[in-house]
Amino acid sequence: MEVKQYQAEDYDVIVVGAGHAGCEAALAAARMGNKTLLMTINLDMVAFMPCNPSVGGPAKGIVVRELDALGGEMGRNIDKTYVQMRMLNTGKGPAVRALRAQADKHAYSAEMKHTIEREPNLTLRQGIVDDLVIENKTVVGVITNTGARYGAKTVVLTTGTAARGKIIIGELMYSSGPNNSQPSMKLSGNLEKLGFVLERFKTGTPPRVDGNTIDYSVTEEQLGDADPNHFSFESKDEDYLPVEDQMSCWLTYTREKTHEIIRKNLERAPMFSGVIKGVGPRYCPSIEDKIVRFADKDRHQLFIEPEGRNTDEYYVQGFSTSMPEEVQQKMVHSVPGLENAHIMRPGYAIEYDVVSPYQLRPTLETKLIKNLYTAGQTNGTSGYEEAAGQGMLAGINAGLRALDKEPVVLKRSDAYIGVMVDDLVTKGTNEPYRLLTSRAEYRLLLRHDNADLRLTEIGHEIGLISDERYAQFEAKKATIEAEKQRLATIRIKPNAQVDAYLKEHGDRPLKDGVLASEFLRRPYVKYNDLLNFIPAPEEPLDRRVIEQVEIQFKYEGYIKKESEKVEKLKRMEAKQIPERINYNAIEGLATEARQKLTKIQPETLAQASRISGVNPADISILAVYIEQGRIAKVK
Amino acid sequence: MTTMTVTEYDTIAAISTPPGEGAISIVRLSGEDAIAIAQRVFKGKDLTAVATHTINYGHIIDPKTNIEIDEVMISVMRAPKTFTREDVIEINCHGGIVATNKILQLLLSNGARLAEPGEFTKRAFLHGRIDLTQAESVMDLIRAKTDRSMKVALNQLDGNLSHLIRNLRQDILDVLAQVEVNIDYPEYDDVETMTTKLLKEKAQEVKARIQQLLKTAQQGKVLREGLATAIVGRPNVGKSSLLNHLLHEDKAIVTEIAGTTRDVIEEYVNVRGVPLKLVDTAGIRETTDKVEAIGVERSRKAIDQADLVMLVLNSSEALTTEDQKLIAATQDKKRIVILNKTDLARKLDETELQKYVSQDEILATSVLKNSGMDELEEKIAILFFGGIENSQTTVMVTNARHIGLLNQAEDSLDAVLSGISAGMPVDLVQIDMTNAWELLGEITGDSYQDELLTQLFSQFCLGK
């Protein structure tokens, strides 16, 4: 029987899907003053973590801080629900240090759900969005499986792996969203009818085991950090969990026997038997993929990670597989420490629909349908942080549009979120996209320690950062500047104490007095060492202020070099390409450039120059053409 | 992110006068760094401080070596009242391909980019200096000339050179990938941690190979412009006869009277594939003759400028103090010491000569009787090709853009090394390493990021 439709309420912004992208999108839109509806297939899976129980890490951790600076929720939420916190890459430079938290999955999800429930402008509701209401190539509402017709000024799609999701475990295959949830079977087809090009991607997850059946004695314990660190600007050091209250991870390895089991059963592996058609990520291969592609490796690392405090379920990171359950059991039992482990959930592969991201603008609005935005795995990415970053941007822009305001675009030099979105909309992606620090050409500028300095201003302007927090931020900025000024005016004079310190570090004694700021540039000199030789500032400084002062002096040369590069590109970034250019009418463009430009429809000359196959001569011609158009219009 | 970092308004440079031996050549710069870049290679007034539309006297110097390249007049024209409406520098130099090219190369090594054909005009247009009617012709110009110059550039990039550059890049890429893996997968224990020590070794190694390549630029220059060859010797030892022999025609005036070859004559001749630019000289000798004195001065200059010196001695006379002065003056040069006139009775004591000159530099000839001439040609070829059997496979860098990029890559590697010695962490030092890699990629036209990611995922078994 056909479900009878009924006219339901009107909203300003409707977000479809309450995963990590959807939660950020809905919260941002609502907090900006829009009456917002957040639809989810399963109300018990809000901000659910179907894969690894962690947030952050290289590049990703920086995204979380960027989200926080823009007024997002992920940073605050993980700071409330982590079970372990670690700073990675501490032995390296400031640009690549990365914070990572192990999350309590259930607590994370529950906390986010509660935050959303308490948000005044935001309604969280269970239901499946099957179709969009389109008028004049503009979205004006959504239709649910229960027949509700909601009106909306803007709509954000964050459907994740639910979009025609299909789970595969060996020979077993069935339609499903993540973790056996109900999939969304109709929306994708309706997007195709609207003219969207979809692709099929694949991702996977490892088996979970019962912690009571793990022999930890043969594994290596990995503790959290004692020194406090947080993702959110708002979190306080005094709330940081002491190491003994944190949970550990455990390191073990596959053995030759594991590899043998896998090799023997390769014909039953959907990855190789041809069952799986979707494209999987290179950086997160299944264990069977690793064994085949890196046959010479005699072992692979596995991290056994807790899924939360109120559960003994453990996640076997590095062991992602879609082997039949029977084989998975043998594989698990071949691993030191897991000989007698009980699998609680088998690993699986999941295939899902992706909207090819070149169909999007840098605001994440689709080019095809006005006021429609997409974010997260829907756009071909992978990872909670990548999803949240896009969700935030899509939510902000959907919210701004609903308010009739100008959109926010983050450039590659502004944020990792900007790098990711530019990569997606300019180049598309042929595998699930993960952020890596190597994708960012200005990574020294895009540090996790300065995310607040880069983005708080924007967050405040769009109304997502409160005046109170903004005042704190301004105060921090002022303190940094004041201390930098102070150090640049105090001289350290040669004396026995200074010489002894220098000698201790294998350096020569001072000949003349030297500015404290210059002294700090020496690689081994810590800010706190300086205080032995110069008067302390009137008020003791926060560690985050000290960190900035150190970094800004020590790496000034490199920072300047990168800033100059950014500066050079600015004018090209500012050069807008008018919409709906008929590239076929531009004489002199090479055929490939013409095709690519038509497909991508870049918004600025800089973006055009980043399209592969568009060469500098084409850019020159395009520039001349644009200028010509401008001059012609003036006449 | 691709390597073609051609930004719309970066600073461009080109030789604006037609190629050839004009009396004066002009090298032009346009862009916001034009004045700063010129200042880096200029000794004279502070160009960044002089008034706009002024002409300034001074010298172009190579900031690395402090060697003076040419005496020049530099016009400083600040935006917007210029042809392109950007800051413009025009360097008036003393003509000649060598000096002009060298100046262009210096500019390219110090921050300028070689202008595309028609690019000055294009900028003039973009800044509204030229009106709309001229726009289409500008576009045609860009397309036509770009295609042509791309073809030329591709031809210039011979297979061997691009192979070499790709090898260099692959070596750097291995290092970069390792650093990236260390950063993006800090807990991945299969890969050796890339320390600054390892990075330093790699940087030094790559730098040495780039320097080798740049040396061939010298050879390449020779192929293009001729190996500057000075024939020196006392009057009447047979210099002009030697020149005539090499030229197979009577260009130089040859007489029996000492000191009659007064003008410096330049002739080009191809000796077994080596193009020689021969410079005849008035014999170097102590003289009070005023006219002769100018000739002598020129001879000393010729030795200075020469890549190869042929020192001619008269074997039928004993070694004179003048001979010895010439031997001393040519000590540091690639040289061939020719014992001429072996058809006459020998008076020159060869054991004495060998005190100053090594045996393999010496060659006995009689130009008059045409003896020893084959051996001479052979020697020239060996000296130039350095004994490489098949000169066809020798890689040479000849293109000014390539040389500029190699120089910049070398600078980046220097920055890597100085960063390491300043105690900077690997991931910062790596910025300069990546830069070197990108610059090399601009030579071969390869792009950056996808390559690195492919390398990352194919070399290492990564997975979170």
Side-chain angles (χ1 to χ4, degrees), chain A residues 52 57-59 88-89 91-93 95-96 98 251 282-287 290 293-294 297 300-301 303 317-318 320 412 436-439 441 443-444 522-524 555 558 561-562 565 568-569 571-572 575 587-588 605 609-610 612 615-617 619-621 623-625 627-628 631-632 635, chain B residues 1-2 4-10 116 118-119 122 125-126 128 131-132 135-136 138-140 142-143 146-147 150 176-177 180 182-190 193 415 419 422-429 431-432 434-435 447-450 452-454 456-458 460-464:
Chain A
N52 57 317
L88 304 172
N89 284 335
K92 303 192 181 83
V96 299
L251 173 62
R282 281 178 299 175
Y283 47 80
C284 191
S286 62
I287 188 70
K290 291 185 197 177
R293 280 175 49 211
F294 297 92
K297 291 239 175 306
H300 295 275
Q301 281 169 303
F303 296 92
Q317 197 209 102
S320 171
R412 299 185 72 88
L436 297 162
T437 63
S438 44
R439 293 195 196 269
E441 62 271 47
R443 72 177 169 210
L444 186 52
R522 297 171 191 235
Y524 53 85
Y555 307 111
Y558 287 94
K561 247 192 262 181
E562 287 209 344
K565 274 197 201 166
K568 281 202 166 148
L569 267 173
R571 268 185 292 196
M572 245 169 108
K575 208 151 219 185
E587 274 183 50
L605 219 47
S609 73
R610 287 192 289 267
S612 65
N615 64 40
I619 295 297
S620 289
I621 287 164
V624 171
Y625 179 89
E627 203 69 17
Q628 224 178 352
I631 291 168
K635 276 185 180 174
Chain B
M1 164 183 169
T2 55
M4 298 303 280
T5 46
V6 178
T7 55
E8 197 54 24
Y9 299 107
D10 52 354
E116 290 166 37
E119 202 171 2
K122 183 187 109 188
F125 168 74
L126 288 180
D131 69 27
L132 197 60
E136 278 179 30
V138 172
M139 238 174 2
D140 289 346
I142 293 169
R143 174 46 79 194
T146 309
D147 283 350
M150 264 170 64
L176 294 181
E180 297 299 342
N182 291 162
I183 292 168
D184 276 322
Y185 298 88
E187 291 160 308
Y188 179 68
D189 64 2
D190 260 7
T193 302
M424 289 295 165
V426 169
D427 51 287
L428 288 190
V429 174
I431 292 174
D432 290 310
T434 307
N435 206 26
S447 73
Y448 168 42
Q449 200 192 52
D450 300 341
L452 180 59
L453 292 180
T454 307
L456 220 65
F457 295 125
S458 58
F460 305 108
C461 175
L462 301 167
K464 197 185 161 184

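These numbers come from the heavy atoms of this one structure, side chains and all, not from hydrogens, waters or symmetry mates. So that the names make sense, note that chain A is the first sequence line, chain B the second, and so on, each numbered from 1.
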Is B:I431 close to chain A through its backbone or its side chain, or both, or neither, when contacts mean heavy atoms under 4.5 Å?
side chain
Side chain to side chain, [X] and [Y], heavy atoms closer than 4.5 Å:
X      : Y      : value
A:R412 : A:R610 : yes
A:P58  : A:L88  : yes
A:L251 : A:Q301 : yes

May I ask you to name which of B:G419, B:P186, B:G423 has the most heavy-atom pairs under 4.5 Å with chain A?
B:P186
Any residue meeting side-chain hydrogen bond (donor to acceptor under 3.5 Å, both in side chains) with B:D432, in chain and number order, not counting sequence neighbours:
A:K561
Checking heavy atoms, do the side chain of A:R443, its backbone, both or neither come under 4.5 Å from chain B?
side chain
Quick check on A:Y524 against chain B: is it the side chain, the backbone, both or neither that has a heavy atom closer than 4.5 Å?
neither
